Amino acid sequence: METKTMETSSIIESAVLGIIKDRRSRRAYSDKPIEPEKLKSLFEAARWAPSSNNEQPWTYIYATKDQPDLWNKLFDALNDSNKAWAAHAPLLVLSMARKNFTANGKPNGNAKYDLGGANAFLTLQATEFGMNTHQMGGYDHQKAIANLNIPEGYELGVMMAIGYYGDPETLADHLKVREMAPRHRYMQQEFVLNKTF
Ligand SMILES: Cc1cc2nc3c(=O)[nH]c(=O)nc-3n(C[C@H](O)[C@H](O)[C@H](O)COP(=O)(O)O)c2cc1C
C-alpha cells in the first residue's frame, strides 16, 4: 500500500454525544474512591455490549486501591511508563476474552473485537460518571498471566486505569503537557468511503 499524508483536525466537526466529546485518556486521578454501585454500573455497561453470537466473551479482573494485594498484582505487570501515572488510579482492570465459543469449543474469531466493544461501553459509562478510563496495552502479558493465575483459553486485552478526574498539576511536566494538549483525528474523508476503493 502506498504511503500518503492523511489530513487531521483537532475539532469535532459534527454533533456527537457529550460523553464521546468529553472522553479522553487522561492521566491525573483524584484519590476519591469509586462508589461500589458505580463500579457495578461500569461492568453493567460492558455487559450490554453486542457480541458475535451473543457469546459475551469478555472477562474482567479488577482491583480497587483498598485491595492492595490484588491491585498490586495488576499494577506490577504495567510498563514503567504507565506505572508512573497509573500508580494513582483507584481502580485497575484487566480485560480479556475467552478465545473459544462456550457451546462448541470452536475458536471465536470475533472474541477480541467483542471485547473492544465492551471496553468502549465501559469507558463511555465511566465518562458519564465523570471518571477517566485510560486503556493501556503497555504491560507484560506473561507477568499478568502469572500474577493473576489466568488459565489457558483467554486472550488478553487492555488494562485500564480508572478513577475520577484529578488535578493535572500533580503530573510530571511532560505528562501535564500531554494532558492538556489538543487531540488530533483523521478527517472523515480519510476513512469513510461512499465509493469503491
Ligand atoms: C489498545 C490501546 C492501547 C493503549 N495503550 C496505552 C498505553 O500503554 N499507555 C498510554 O499512556 N496510553 C495508551 N493508550 C491510550 C492512547 O494513547 C489514546 O487512546 C490515544 O492517544 C487517543 O487519545 P484519547 O484516548 O485521549 O482520545 C492505549 C489505547 C488503546 C485503545
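Both counts, for ligands and for their atoms, begin at 1 and track the order of listing. Remember, it's a predicted structure, so these values are computed and weren't measured experimentally.
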Between Tyr164 and Tyr29, is the ring centroid distance below 6.0 Å? no

May I ask you to identify, for Met159, whether its side chain, its backbone, both or neither come under 4.0 Å of ligand 1 on a heavy-atom basis? neither

I'd like to know if Glu44 and Arg47 make a salt bridge, using a cut-off of under 4.0 Å between side-chain N and carboxylate O. yes

Under the criterion salt bridge (Lys or Arg N to Asp or Glu O under 4.0 Å), I'd like the reasoning laid out for Glu179 against Arg24: C-alpha separation, chi angles, the key distance, then a yes or no. CA-CA 9 Å; Glu179 195 86 342; Arg24 71 179 285 163; over 6 Å; no

For ligand 1, which atoms have a heavy atom of Arg24 less than 4.0 angstrom away? 26 (O)

Specify whether the nearest protein heavy atom to atom 21 (O) of ligand 1 is under 4.0 angstrom away. no

Going by heavy atoms, is Tyr139 under 4.0 Å from ligand 1? no

Can you confirm whether something in the protein, heavy atoms only, sits under 4.0 Å from atom 16 (C) of ligand 1? no

Would a 4.0 Å cut-off, counted as strictly less than, catch a protein heavy atom around atom 10 (C) of ligand 1? yes

Taking only heavy atoms of Trp85 into account, list the atoms of ligand 1 that are under 4.0 Å away from them. 11 (O)

Using a distance-only test with no angle check, is there a side-chain donor-acceptor pair under 3.5 angstrom linking Gln56 and Asn54? yes

Going by the order shown, which atoms of ligand 1 are within less than 4.0 Å of some heavy atom of Gly138? 8 (O)

Examine ligand 1 and decide if any of its atoms is less than 4.0 Å from a heavy atom belonging to Arg27. yes

Give the atoms of ligand 1, by number and element, whose distance to some non-hydrogen atom of Arg185 is under 4.0 Å. 22 (C), 24 (P), 27 (O)

Using a strict 4.0 Å cut-off to heavy atoms of His134, name the atoms of ligand 1 that fall inside it. 10 (C), 11 (O), 12 (N), 13 (C), 15 (C)

What I want to find out is whether Lys176 reaches Asp173 closely enough, with some N-O distance under 4.0 Å, to be called a salt bridge. yes

Salt bridge (Lys or Arg N to Asp or Glu O under 4.0 Å) evaluation trace for Glu190 with Lys4: CA-CA 10 Å; Glu190 304 289 6; Lys4 63 167 189 159; 3.2 Å; yes

State whether Lys112 and Glu155 are salt-bridged, where the test is any N-O pair (Lys NZ or Arg NE/NH1/NH2 against Asp/Glu carboxylate O) under 4.0 Å. yes

Give me the nearest non-hydrogen protein atom to atom 26 (O) of ligand 1 as residue plus atom name, then the distance to 0.1 Å. Ser25 N, 2.8 Å

Near Asn82, which atoms of ligand 1 are under 4.0 Å from a heavy atom of that residue? 7 (C), 8 (O), 9 (N), 10 (C), 11 (O)

Of all the non-hydrogen atoms in the protein, which one sits nearest to atom 1 (C) of ligand 1, and at what distance? Val158 CG1, 3.4 Å

